[in-house]
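So the structure is just underneath, and the comments pick up after that.
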Amino acid sequence: MNHPVEIDITFCRLGLIILDKHGALYRSQVFGHCCAQVAVRGFFVPLDETFPEFVPEPIEGALGTLLANLPYLSESQADEVDAVLARSRETEFLRVDRAMLTESGEAWVYVDVTSGGGCPLAGSGPWKGVLVWPNSD
């Protein structure tokens, strides 16, 4: 009998969970001081390979400042997140999923993933995913 893998995680770096009903269940505390508990099934893809102790991640900082303690996104905030993501090769292939604005916020943003550019995924795409980074709380 197969038991699904369940992972309670505090993300320490920028990453992407590609949504897939056959993947592991990732649970995390998000949305800053709201301390919401969220979970999705999928496969984790790290988007940053630097050492967090030595090199701060500018995307994490920009997203953390922009979305601090937010439990959902507005259209204008989604546009701002898209602008931040477009500035870096490691995230240029991501766009905020406009159908999931009320489920997205600090440290947990649903995204559309396209192939090409700096996308680390091979295959036909596009995919759905969740962009994750350390929660401020």
Side-chain angles (χ1 to χ4, degrees):
M1 179 174 181
N2 287 340
H3 296 283
V5 175
E6 296 186 16
I7 302 169
D8 287 315
I9 191 164
T10 300
F11 294 99
C12 63
R13 296 304 287 176
L14 189 68
L16 176 65
I17 301 169
I18 297 297
L19 301 180
D20 187 300
K21 66 182 179 180
H22 301 292
L25 179 68
Y26 290 91
R27 278 192 277 248
S28 190
Q29 179 176 305
V30 299
F31 305 159
H33 298 296
C34 295
C35 298
Q37 302 294 318
V38 294
V40 294
R41 287 206 176 280
F43 300 95
F44 183 74
V45 179
L47 294 179
D48 181 24
E49 297 178 9
T50 62
F51 295 99
E53 306 84 34
F54 307 113
V55 182
E57 176 55 57
I59 297 170
E60 289 172 25
L63 292 174
T65 299
L66 179 63
L67 303 180
N69 297 308
L70 289 180
Y72 60 87
L73 297 182
S74 68
E75 280 286 338
S76 63
Q77 289 162 329
D79 291 341
E80 291 180 66
V81 170
D82 282 345
V84 169
L85 298 176
R87 292 193 309 238
S88 174
R89 181 137 175 89
E90 64 189 9
T91 57
E92 67 186 0
F93 53 92
L94 303 174
R95 294 295 173 266
V96 175
D97 183 346
R98 296 311 200 264
M100 299 295 287
L101 294 181
T102 59
E103 307 297 321
S104 298
E106 181 187 349
W108 191 269
V109 174
Y110 283 87
V111 292
D112 293 317
V113 184
T114 59
S115 56
C119 183
L121 304 172
S124 59
W127 303 272
K128 295 286 187 177
V130 179
L131 182 65
V132 296
W133 65 93
N135 190 42
S136 65
D137 183 23

| request: Could you give me the CA-CA distance, side-chain angles and deciding distance for Leu14 and Leu131, then say whether side chain to side chain contact (heavy atoms under 4.5 Å, CB included) is met? | output: CA-CA 7 Å; Leu14 189 68; Leu131 182 65; 3.8 Å; yes
| request: For side chain to side chain contact (heavy atoms under 4.5 Å, CB included), just list the numbers for Asn135 and Ser28, CA-CA rounded to whole Å, side-chain angles, deciding distance to a tenth of an Å, and then say yes or no. | output: CA-CA 9 Å; Asn135 190 42; Ser28 190; over 6 Å; no
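A donor-acceptor pair is defined here as one N or O able to donate and one able to accept, closer than 3.5 Å; such a pair exists between the side chain of Thr114 and the backbone of Phe93. Of the possible donor and acceptor atoms, none in the side chain of Arg89 sits under 3.5 Å from a partner among the backbone N and O of Ala86. Distance alone, capped at 3.5 Å, places no donor-acceptor pair between the Arg41 side chain and the His22 backbone. A donor-acceptor distance shorter than 3.5 angstrom exists from the side chain of Ser88 to the backbone of Glu90, with no hydrogens or angles considered. Under a 3.5 Å cut-off, the side chain of Glu60 and the backbone N or O of Pro134 do not form any donor-acceptor pair.
For the pair Ala78 and Leu101, the tightest heavy-atom approach, listed with the atom from each and the gap, is CB-CD2, 3.7 Å. The heavy-atom pair separating Val130 from Val111 by the smallest distance is N-CG2, 4.2 Å.
Side-chain contact check for Leu94 versus Leu47: some heavy-atom pair is nearer than 4.5 Å. Trp127 has its side chain out of reach of Val45: every pair of non-hydrogen atoms, C-beta onward, lies at least 4.5 Å apart. Counting only heavy atoms from C-beta outward, the side chains of Leu121 and Phe43 never approach each other to under 4.5 Å.
Screening residues 101-110 for side chain to side chain donor-acceptor pair (under 3.5 Å), with sequence neighbours left out, gives Glu106-Ser136.
With respect to Asp112 and Lys128, a salt bridge is recorded, a charged nitrogen being found less than 4.0 Å from a carboxylate O.
Residues forming a salt bridge (Lys or Arg N to Asp or Glu O under 4.0 Å) with Asp82 (at least two apart in sequence, or on another chain): Arg98.
Rounded to the nearest 0.5 angstrom, Leu67 CG and Glu80 CD are separated by 8.5 Å. Atom CG of Leu63 is separated from atom CG of Leu85 by 6.0 Å, given to the nearest 0.5 angstrom. The distance from the CG atom of Leu70 to the CZ atom of Phe31 is 9.5 Å, given to the nearest 0.5 Å.
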